[in-house]
Colleague: 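Just dropping this structure here.
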Amino acid sequence: MVFFYPSGIGVKAKIAVNGYGTIGKRVTDAINSQPDMEVVGATKTRPTFEAKLANLRGVPLYAAAKEFVSRFEDAGLEIQGTLDDLLPQADLIIDCTPKTAGYKETYQKAGVKAIWQGGEKHDLTGVSFNSMANYNDCYGAQFVRVVSCNTTGLLRTLYPLYTEYGIDNVLAVMIRRSADPWDTQRGPINAIEPVLKVPSHHGPDVQSVVPDINIQTTAVKVPTTIMHMHSVVAELNKKVSSDDVIDLWKATPRIIFVWGSDGIRSTAQIMEYAKDLCRERGDLFEIAVWEDGVHVVGKKLYYYQAIHQESDVIPENVDCIRAMLELEEDKLKSMEMTDKYMGVC
Ligand code: NAD
């Protein structure tokens with residue numbers, strides 16, 4: 001297969017999306033914004049408002065399995081078939097179903113490459129992805145997992161520190177949103193809940209991409225639906241100033257700076273800022289670091305960063321497609337193309 005390149009030769013890579021939910025609908029839009037790939041169909045289990053909007057947006061809609069077809073028929077919502085009809089059309093499928101939905105065997109049988117999301121365990125694929133840290137490890141791979149929103153956030157800022165200065169150790173506290181904004185089922189809504197398993201899974205998850213980063217994490221759930229926050233303390237191998245670190249991150253894709261002195265004192269103002277950027281859905285694909293919260297004491301670096309959980313992994317999914325389908329060898333070129341067409345800063 002000759003895929004489309006920016007020169008215009010060949011065809012676009014054909015991508016299917018299994019699970020058109022929070023991540024699935026964003027991945028679909030991001031893929032369709034790119035010049036070298038397109039979504040050939042997305043699945044749903046139910047004819048929800050998201051399924052209806054998919055139809056309105058011209059995304060070919062499929063039932064995730066035969067037993068769900070009647071739900072769409074009863075609702076009078078047009079579908080193009082089932083996942084079994086969609087898979088043969090795709091070069092790669094992005095699985096955005098809730099964790100452990102269990103489609104690996106189906107994809108294997110169909111002989112289609114697949115990407116899973118961070119809710120899955122590393123063992124499912126044996127390869128976990130972050131664009132900056134290990135694009136090349138996933139080049140041509142059959143099955144890959146894009147790490148979670150928190151792990152993506154940690155890797156975005158830690159990986160450049162690791163390559164530029166070396167890291168002795170990292171302690172990071174994940175202050176986690178309880179539920180996504182649409183989700184009325186999960187809590188807590190009036191409590192702060194520590195994750196008693198220590199270290200939390202986020203540290204080992206960072207190591208599933210860069211095994212040499214010595215990191216321990218803890219996590220606390222707080223009653224908000226807006227973003228995660230990380231409080232990070234990284235002991236570097238070199239003495240550097242906070243300006244050195246800020247300059248390094250300014251030269252790194254997908255990190256933006258915010259300032260308390262500008263009135264951005266919390267995640268609420270960051271999300272307002274994202275809406276003012278006029279992005280679709282008010283998404284913030286970049287990791288937001290408080291510039292006036294970056295401090296160095298000796299070799300210890302302290303900083304705070306905020307993660308828009310619904311959207312930071314989306315550019316990584318696009319790059320992961322390029323790596324797995326061998327559309328672009330150079331990670332920086334892929335990231336540049338992804339960011340250009342998604343409007344990432
Ligand atoms: P979601 O619940 O918003 O969407 C899941 C979609 O899958 C829904 O459209 C649902 O109808 C569909 N679905 C459910 N069961 C299915 C099945 N058996 N077959 C096919 N489709 C099915 O979930 P989400 O938040 O998009 O999460 C998807 C994955 O992304 C998970 O691994 C999650 O951990 C990961 N992730 C989520 C976030 C986040 O903050 N929401 C961030 C990063 C990664």
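Order of appearance sets the numbers: ligands from 1, and atoms from 1 within every ligand. The shown structure was predicted, so the numbers you read here are calculated from the model rather than taken from an experiment. Residues take their numbers from the sequence shown, with the count starting at 1.
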Colleague: Please write down residue, atom name and distance for the protein heavy atom closest to atom 4 (O) of ligand 1.
Modeller: Gly21 CA, 3.4 Å

Colleague: Testing the basics here: between Trp116 and Asp95, what is the closest heavy-atom pair and its distance to 0.1 Å?
Modeller: NE1-OD2, 3.4 Å

Colleague: Would you say His228 and Gln309 are linked by a side-chain donor-acceptor pair, where the criterion is simply a distance under 3.5 Å?
Modeller: no

Colleague: Return the residue, atom name and 0.1 Å-rounded distance of the protein heavy atom closest to atom 16 (C) of ligand 1.
Modeller: Thr45 CG2, 3.5 Å

Colleague: Which atoms of ligand 1 have any heavy atom of Lys44 under 4.0 Å away?
Modeller: 8 (C), 9 (O), 11 (O)

Colleague: Which protein heavy atom lies closest to atom 42 (C) of ligand 1, and at what distance to 0.1 Å?
Modeller: Gln309 O, 3.1 Å

Colleague: Side chain, backbone, both or neither: which part of Leu83 has a heavy atom under 4.0 Å from ligand 1?
Modeller: neither

Colleague: What donor-acceptor contacts under 3.5 angstrom involve side-chain atoms of residues 48-55, with partners at least two apart or in another chain?
Modeller:
from	atom 1	to	atom 2	distance (Å)
Thr48	OG1	Glu50	N	3.3
Thr48	OG1	Ala51	N	3.4
Glu50	OE1	Lys44	NZ	3.3
Glu50	OE2	Lys25	NZ	2.8
Asn55	ND2	Glu78	O	3.1

Colleague: With atom 34 (O) of ligand 1 as the reference point, say which of Ala51, Ala64, Gly119 has the nearest heavy atom.
Modeller: Gly119

Colleague: Looking only at non-hydrogen atoms, find the nearest pair between Gln269 and Ser266 and report the distance.
Modeller: OE1-N, 2.8 Å

Colleague: Is there any side-chain hydrogen bond (donor to acceptor under 3.5 Å, both in side chains) pair reaching into residues 118-127, and which pairs are they, with sequence neighbours excluded?
Modeller: His122-Ser128

Colleague: Does any donor atom in the side chain of Thr152 or Asp312 lie under 3.5 Å from an acceptor atom in the other side chain?
Modeller: no

Colleague: Does a donor on one side chain sit under 3.5 Å from an acceptor on the other, for Ser241 and Asp243?
Modeller: no

Colleague: May I ask you to check whether Gln117 has an N/O atom sitting below 3.5 Å from an N/O atom of ligand 1?
Modeller: no

Colleague: Going by the closest heavy atom to atom 13 (N) of ligand 1, which one wins out of Pro98, Gly118, Ser311?
Modeller: Pro98

Colleague: Just wondering, do Arg254 and Met335 contact through their side chains at under 4.5 Å, heavy atoms?
Modeller: yes

Colleague: Does any N/O atom on Ile23 come nearer than 3.5 Å to any N/O atom on ligand 1?
Modeller: yes

Colleague: Tell me which protein heavy atom sits closest to atom 12 (C) of ligand 1, plus the residue, atom name and distance to 0.1 Å.
Modeller: Gly19 CA, 3.9 Å

Colleague: Taking distance alone, with no angle check, do Ser148 and ligand 1 share an N/O pair under 3.5 Å?
Modeller: no

Colleague: Side chain, backbone, both or neither: which part of Trp182 has a heavy atom under 4.0 Å from ligand 1?
Modeller: side chain

Colleague: Which ligand 1 atoms does Asn18 reach within 4.0 Å, using its non-hydrogen atoms?
Modeller: 20 (C)

Colleague: Taking the side chain as every heavy atom from C-beta outward, state whether Leu332 and Glu336 have any pair of such atoms under 4.5 Å apart.
Modeller: no

Colleague: For ligand 1, is there an N or O atom under 3.5 Å from any N or O atom of Glu120?
Modeller: no

Colleague: When you measure from atom 3 (O) of ligand 1 to every protein heavy atom, which one gives the shortest distance, and what is it?
Modeller: Thr22 OG1, 2.6 Å

Colleague: How close does the nearest protein non-hydrogen atom get to atom 5 (C) of ligand 1, and which residue and atom is it?
Modeller: Cys96 O, 3.4 Å

Colleague: Considering only non-hydrogen protein atoms, determine which one is nearest to atom 31 (C) of ligand 1 and report residue, atom name and distance to 0.1 Å.
Modeller: Thr97 O, 3.7 Å

Colleague: From the options Arg26, Lys25, Arg177, Lys99, select the one whose nearest heavy atom is closest to atom 40 (O) of ligand 1.
Modeller: Arg177

Colleague: Between Pro194 and Lys221, is any pair of side-chain heavy atoms under 4.5 Å apart?
Modeller: no

Colleague: Against heavy atoms of Tyr20, which atoms of ligand 1 measure under 4.0 Å?
Modeller: 9 (O)

Colleague: Is any side-chain heavy atom of Val245 less than 4.5 Å from a side-chain heavy atom of Val240?
Modeller: yes

Colleague: Side chain or backbone of Trp116 under 4.0 Å from ligand 1, or both, or neither, by non-hydrogen atoms?
Modeller: neither

Colleague: May I ask whether atom 23 (O) of ligand 1 is less than 4.0 Å from at least one protein heavy atom?
Modeller: no

Colleague: Please examine the side chains of Asp85 and Gln80, heavy atoms only from C-beta on, and report whether any two atoms are closer than 4.5 Å.
Modeller: no

Colleague: Using distance alone, decide if ligand 1 has a nitrogen or oxygen within less than 3.5 Å of any nitrogen or oxygen in Asp180.
Modeller: yes

Colleague: Are the side chains of Cys96 and Tyr20 in contact, using a 4.5 Å heavy-atom criterion?
Modeller: no

Colleague: Side chains of Asn18 and Tyr107: do they bring a donor and an acceptor to under 3.5 Å?
Modeller: yes

Colleague: Which protein non-hydrogen atom lies closest to atom 19 (N) of ligand 1, naming both residue and atom, and how far is it?
Modeller: Tyr103 OH, 2.4 Å

